[in-house]
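Below: one structure, written as structure tokens.
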Amino acid sequence: MGDLLEWLDAHGGPSFTWYVKRLSGNDTLANGSHQAGPYIPREILFRVLPALNRQDVKNPDVWFDLYVDSHADHRQVRAVWYNNHYHDTTAKRGRDETRVTNFGGGASALLDPESTGALTVFAFAAADPAAVPECHVWVCRHETEEDLVEDRVGPVEPGKWLLWPPAQGGLFPADARPVVRTSCWLGDDEIPAAWRLKFPTGADIIRKAVELRDDSSLDPDRRLMRRRECEYEIFRSVEQAIELPHIMAGFTDIDGFIARAQTILQRRKARSGHSLELHAREIFIEERLVEGTHFVHQPVSEDGKTPDFLFPSIASYRDATFPADRLRMLAVKTTCRDRWRQILNEADRVPAKHLLTLQEGVSEPQFAEMVRAGVQLVVPAGLTDKFPKAVQPHLQTLESFIGDVRLLPIAR
């Protein structure tokens with residue numbers, strides 16, 4: 001992985017701004033959307049391409065050099081701001097959006113359906129205003145590369161993005177806290193005193209999210225997505241309240257700075273890795289699935305194998321007379337592009353593996369490979385339109401999965 005490490009070092013200095021995201025099915029050509037390439041928010045493009053932010057010109061554009069260094073690809077691409085919002089005063093609703101085009105179609109790793117779900121770094125170089133701007137891109141090719149990137153910037157979840165370095169919005173964005181509370185962000189006086197002494201566990205934060213979001217009337221899919229957003233905001237508000245004073249106070253040596261940064265990044269990775277699993281457990285219980293009777297969390301199925309969930313119980317699983325076709329296993333992984341293969345050897349008695357994921361799409365060939373391996377994707381209903389149309393009918397929602405496991409025999 002020397003080439004990626006060298007790339008991160010070469011493009012990680014103060015003259016670069018990183019925009020980091022996971023490519024969705026709408027970004028690539030996986031689901032046949034009409035989007036011309038990866039989505040980059042308008043506020044990001046205005047920051048890295050200031051010449052684009054012109055209200056005195058209709059639909060201003062900027063051409064710039066884009067190097068996909070991970071795949072040895074170079075081309076000139078066009079960023080355009082469709083600012084009819086400012087010019088077409090007679091239209092009912094003026095257009096006000098930015099697009100980046102001319103990536104080269106399926107020949108580009110950025111639009112290749114097989115890149116769906118890939119962690120991607122766009123490193124925009126600061127340049128003389130008179131020069132042609134340039135952007136260097138790395139599309140992670142497998143999970144080892146993704147781990148190396150996340151070791152630098154922390155976890156990047158599907159549907160979210162971040163800027164790096166922190167001074168430009170990475171660790172603690174200046175606008176992270178809303179002026180008026182419309183969310184789950186906790187004010188200083190709302191954070192329990194015990195949390196300031198010891199950072200709350202994932203289960204503690206999820207219980208707080210359940211308390212703040214009275215969403216029990218929602219179906220499990222919408223409940224999961226809304227509540228997870230709430231939990232993330234609680235986590236970030238507590239993190240900022242605890243860590244920001246230390247950061248603002250400064251450090252007396254580099255080792256102290258590195259140790260603090262590593263603590264923050266490792267805590268974020270731990271939260272990202274277990275949050276979805278804990279939310280699923282909470283929803284199972286709310287849906288009157290009794291732990292130990294209808295499901296078991298983190299059991300040991302065989303030596304060295306610990307699936308996230310088994311249904312209905314570990315006793316049923318270990319009973320050779322219990323029909324294998326009445327057993328279910330659910331693995332939980334926020335992203336599944338490469339990691340889905342990790343679940344294939346969990347729970348040997350369960351040939352069909354269910355996998356709950358928040359990844360925003362997969363390519364049709366990858367989905368076919370999953371099906372051949374006996375993997376059934378469970379995807380919250382609000383994310384299914386990110387998948388290819390041919391794949392969507394074969395996805396299972398969380399609500400549907402819960403309905404199926406309710407029909408299983410009660411644990412013996």
Side-chain angles (χ1 to χ4, degrees), residues 117 143 147 155 157-158 201-203 206 220-221 224 228 269-359 362 366-367 369-380 383 394-412:
E143 61 184 292
D147 289 341
E157 299 192 357
T201 66
I206 286 173
D221 296 88
L224 173 68
R228 197 160 186 274
K269 291 180 76 172
R271 175 258 162 199
S272 179
H274 296 289
S275 164
L276 184 58
E277 179 184 329
L278 293 175
H279 278 293
R281 177 180 176 272
E282 185 70 24
I283 287 176
F284 291 154
I285 293 171
E286 290 175 350
E287 291 298 305
R288 298 185 297 281
L289 298 180
V290 179
E291 191 163 9
T293 301
H294 296 99
F295 77 95
V296 60
H297 180 221
Q298 287 286 337
V300 176
S301 56
E302 289 86 20
D303 288 344
K305 299 179 181 181
T306 308
D308 294 322
F309 296 97
L310 273 178
F311 304 82
S313 71
I314 191 62
S316 300
Y317 182 84
R318 291 175 178 165
D319 181 355
T321 67
F322 192 90
D325 63 355
R326 307 310 301 274
L327 297 169
R328 297 290 185 276
M329 185 208 89
L330 179 70
V332 179
K333 292 190 180 296
T334 308
T335 64
C336 66
R337 178 174 176 244
D338 295 307
R339 292 172 170 86
W340 68 270
R341 295 179 180 85
Q342 298 170 358
I343 76 172
L344 297 180
N345 66 347
E346 297 177 354
D348 294 345
R349 287 197 67 204
V350 185
K353 321 290 188 184
H354 285 76
L355 172 57
L356 173 63
T357 185
L358 300 183
Q359 183 166 303
V362 297
Q366 186 173 67
F367 183 75
E369 186 180 356
M370 292 179 180
V371 171
R372 288 194 297 272
V375 174
Q376 169 65 60
L377 284 185
V378 179
V379 179
L383 298 179
H394 305 287
L395 302 174
Q396 187 169 23
T397 64
L398 181 60
E399 183 175 34
S400 171
F401 175 79
I402 292 172
D404 285 352
V405 298
R406 277 204 187 99
L407 302 178
L408 297 176
I410 299 297
R412 300 182 182 184

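Keep in mind the model is a prediction, meaning the values are calculated, not measured.
- Counting heavy atoms from C-beta on, the side chains of Leu344 and Val375 come closer than 4.5 Å.
- Closest approach of Pro307 and Ser301 over heavy atoms only: CD-OG, 3.5 Å.
- One distance of note links NE2 of His394 with CZ of Phe367; it measures 6.0 Å at 0.5 Å rounding.
- Annotation for Leu224 and Pro380: closest pair CD2-CG, 3.9 Å, computed over non-hydrogen atoms.
- Scanning all heavy atoms of the two residues, the minimum distance from Met370 to Val362 falls at CE-CG1, 4.1 Å.
- In terms of heavy atoms, Thr335 sits closest to Pro158 at CG2-CG, 3.7 Å.
- Proximity of Gln396 to Asp404: side-chain heavy atoms (C-beta onward) are separated by under 4.5 Å at one or more points.
- Residues Leu276 and Thr357 form no side-chain contact, since every pair of their non-hydrogen atoms from C-beta on lies 4.5 Å or further apart.
- Using a 4.5 Å heavy-atom cutoff, the side chains of Trp340 and Leu377 are not in contact.
- Each of Gln298, Arg328, Met329 was checked for a side chain to side chain contact (heavy atoms under 4.5 Å, CB included) with Leu310, and the lone residue meeting it is Met329.
- Looking at residues two or more places apart in sequence or on another chain, you find a side-chain contact (heavy atoms from CB on, under 4.5 Å) between Arg326 and Phe322, Pro323, Leu408, Pro409.
- The pair Arg341-Glu143 does not count as a salt bridge, with every side-chain nitrogen at least 4.0 angstrom from each carboxylate oxygen.
- Taking CD1 from Ile283 and CG from Leu289, the interatomic distance works out to 11.0 Å, rounded to the nearest 0.5 Å.
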side-chain contact (heavy atoms from CB on, under 4.5 Å) between Phe309 and Glu277, worked out: CA-CA 9 Å; Phe309 296 97; Glu277 179 184 329; 4.1 Å; yes
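- In terms of heavy-atom proximity, Leu278 sits nearest to Ala203 at CD1-N, 3.8 Å.
- Using the six-membered ring where Trp is involved, Phe401 and Phe311 have ring planes that are perpendicular, over 60° apart on the 30 and 60° scheme.
- Considering CG of Asp319 and CZ of Arg349, their distance stands at 7.0 Å, rounded to 0.5 Å.
- Interatomic distance, CZ of Arg337 versus CZ of Arg339, reported as 10.0 Å (0.5 Å rounding).
- For the pair Arg281 and Phe295, the minimum side-chain heavy-atom distance is below 4.5 Å.
- Taken to the nearest 0.5 Å, the NE2 atom of His279 stands 9.0 Å off from the CD atom of Glu282.
- When the options Asp338, Leu355, Leu358, Leu356 are evaluated for a side chain to side chain contact (heavy atoms under 4.5 Å, CB included) with Lys333, the one that passes is Leu355.
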Criterion side-chain contact (heavy atoms from CB on, under 4.5 Å) on Asn345 and Lys353, from CA distance to verdict: CA-CA 10 Å; Asn345 66 347; Lys353 321 290 188 184; over 6 Å; no
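- The two residues Glu346 and Ala331 have their closest heavy-atom pair at OE1-CB, 4.3 Å.
- Of the options Leu327, Val405, Val290, a side chain to side chain contact (heavy atoms under 4.5 Å, CB included) to Pro312 is made by Leu327 and by none of the others.
- By the ring-ring contact (aromatic ring centres under 6.0 Å, His included) test, Tyr317 pairs with no residue at all, sequence neighbours left out.
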Test side-chain contact (heavy atoms from CB on, under 4.5 Å) on Glu287 and His294; report intermediate values, then the result. CA-CA 11 Å; Glu287 291 298 305; His294 296 99; over 6 Å; no
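- A distance of 13.0 Å separates NE2 of His297 from CD1 of Ile314, quoted to the nearest 0.5 Å.
- When side chains are defined from C-beta on, Ile402 does not count as touching Arg288, because their heavy atoms never get closer than 4.5 Å.
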Would Ser313 and Ser316 satisfy side-chain hydrogen bond (donor to acceptor under 3.5 Å, both in side chains), going step by step from the backbone distance to the final call? CA-CA 5 Å; Ser313 71; Ser316 300; 3.0 Å; yes
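- Here the side chains of Val296 and Glu291 are not in contact, with every heavy-atom distance at 4.5 Å or above.
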